[in-house]
Amino acid sequence: MDLNTEKLPNFKSSFLLFKRKWKRLPKFLRFYLIVAIIFIIFTFSYYVLFIATKKSLIRIDENVDPLLNNDNNGDSNQNIHPPSQFIEHNIMLPPQNSNSDNFDNTNKEFVSTKKLPSILLDGDDNDDDGDKMITNEELFIASKKQNEQQKLIQEAIQHSWNGYRKYAWGKDMLKPITQKGSNWFGIGLTILDSLDTLLIAGLNDEFKQGLEWVKNDLTFDVNENVNCFETTIRALAGLMSAYHISKEKILLEKAIDLGDRLIHCFDSQSKTVPFSDVNLKKKMAKAPSYMPESSLSEVSSVQLEFRDLSYETNDKSYEEKSFATSKHIHDLIQQRKNYLLPMYINPYTGNLMTSTITMGARADSYYEYLYKQYLQTKIEFLLDDYIRSIDAIENRLTSRTKSKLKLLYIGEILNTDQQSIHPKMDHLVCFLSGTLALGYYHEHLQPFYRLQIVNETFINHLKLAEDLARTCHYMYNLTETGLSPEIGYFGQDYQDGDFYIKPRDTHNLLRPEFVESLFFLYHITGKQIYRDWGLQVFNAFQKYTRINTGGYTTINDVRHPKNVKPKDKMESFWLAETLKYLYLLFMDDHKIIRKLLNNYVFNTEGHLLPRRV
Ligand code: DMJ
């Protein structure tokens, strides 16, 4: 026995023992142990410094309501930047119930950044194994488990389809009051735009009626100048989306035929900026005589569709020709060092033209496709341009009304006055909430080793999305019919306070943008309020736009419930988007919703194109 050791104090003896044992270890083992210890210390410090610190900040920011506590004093021309917010990175929580989000005009709950649960991330069926693609059978089975709201919306889809079938079969659009059809391009637009909605709602018989028409009657050999953008987003994407779900080969064949005609839109002098119109029969593109320039949104929102066609046909030329436009616009941005672009671009020279900067008509889907193309391809410059554009929108185009409501709106910059924000917002702008929420869903957690790091940029995007959706809700809620006008004016100068409708803007075209955003916001945040708003909008459509004999009509005046002045037209996006997004807003099958958001990208007309990355 070693007596000396016994006399030593405990810690010293252990230390000497450890030292002796350590020296007996082989050199390489000692080296690896030291590396392992350093790694553990580094990881632990990282966690304490970054993750835990951020978590503790949540508690502070939960009490801050950026809508009510900003220093701006209501100057609508001054841009407002809500304080940066933090959110717990672990959001694997059960969905919230309705009462957690009781809406009130100045409600703190609504804008606070308390934990955002997502039904997409709930624990019970969170695995994506099995087929990632949605099948016809799956949708049909889900349609047999519809909730009450979905049943009503499915009925509205049938009512619209039946009216169209009865009075306008094969025409582009239904005129439900005079009970006839009208043509725009002469390619049965409503059928092509509706096919995937019918499949999603489990209406297989109706889908077969449309499919038979495509097989037997559809021809693109029409001697008509059609709008390249509208035909691509509605007809080409409608065919591709229905093909992806149903696997009916004829749909792909027709899509290829149409794609081969539409690709001639890119035969312009600039080669990079397409013309606005193309003659489908002659395959010749041109600018319409009344408008030599092309719209920013139109030239930059056809790439998802052509790329999808390239994927399916293994013919890269569709993608290459259309993506040349995106690359060209990216180069223009680099030269300008400005991420907000004017609404017109010249197809002869490829130059941007001095014109209004807006998030509404003629520009809107440019911003949408920056992100959605990134989702489809993972090409980095698209995400970079998207993030910088949203930043510029927040800094240069966003303002708030002066009243207590402090409604956030995204205005315009006019040519004639580039310093101030013109407080006009199209209903079209409401799409942005959905795109921002989608970006948040996919990007706000960034993996670092095994930790998920929160990216604050996207947390702020979600806040902007929710704030904008609140304003869009007002656009509906402040009218007597509960339907939004086409355009609203915001700000203190108007006699009605926050919101003013000019007489020429009082129409409602059955547009989808608000309910589209509600679909994304509801499923991504789990907040019941978004379903409540969706139901309000649906009920208002039922009350003021439904025609008993079949179909729904656009209206001229949302201000007068007693006389909404029907316009006698059912736009094809009513079935393609508005009713589809409403139906999906109320979809309780999380697996389907997860597949939709994870594995597809919705084009700007609500059609499903698979992600291939
Ligand atoms: C649709 O054709 C598309 O959503 C497009 O991007 C904008 N306009 C209509 C719907 O409002």
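- Ring pair His442/Phe458: centre-to-centre distance not below 6.0 Å.
- Minimum heavy-atom separation, Ser326 to Gln373: OG-NE2, 3.1 Å.
- The two atoms that bring Asp193 and Ser572 nearest to each other are OD2-OG, 2.7 Å, heavy atoms only.
- The pair Glu248-Lys208 does not meet the salt-bridge criterion, since no charged nitrogen lies less than 4.0 angstrom from a carboxylate oxygen.
- There is no side-chain donor-acceptor pair under 3.5 Å between Tyr581 and Glu513.
- Residues Met570 and Tyr167 fail the side-chain proximity criterion, which asks for heavy atoms closer than 4.5 Å.
- Between Lys591 and Asp589 there is no salt bridge, since none of the side-chain N atoms of the basic residue sits less than 4.0 Å from a carboxylate O of the acidic one.
- In this view, Tyr476 and His427, Phe514 satisfy the ring-ring contact (aromatic ring centres under 6.0 Å, His included) rule, not counting sequence neighbours.
- For Phe140 and Phe207, the ring centers sit 6.0 Å or farther from each other.
- Not a single ring-ring contact (aromatic ring centres under 6.0 Å, His included) links Tyr583 to another residue, sequence neighbours left out.
- A donor-acceptor pair is defined here as one N or O able to donate and one able to accept, closer than 3.5 Å; no such pair exists between the side chain of Thr231 and the backbone of Ala235.
- Both cation-pi conditions hold for Lys247 and Tyr243: the charged atom is under 6.0 angstrom from the six-membered ring centre and inside a 45 degree cone around its axis.
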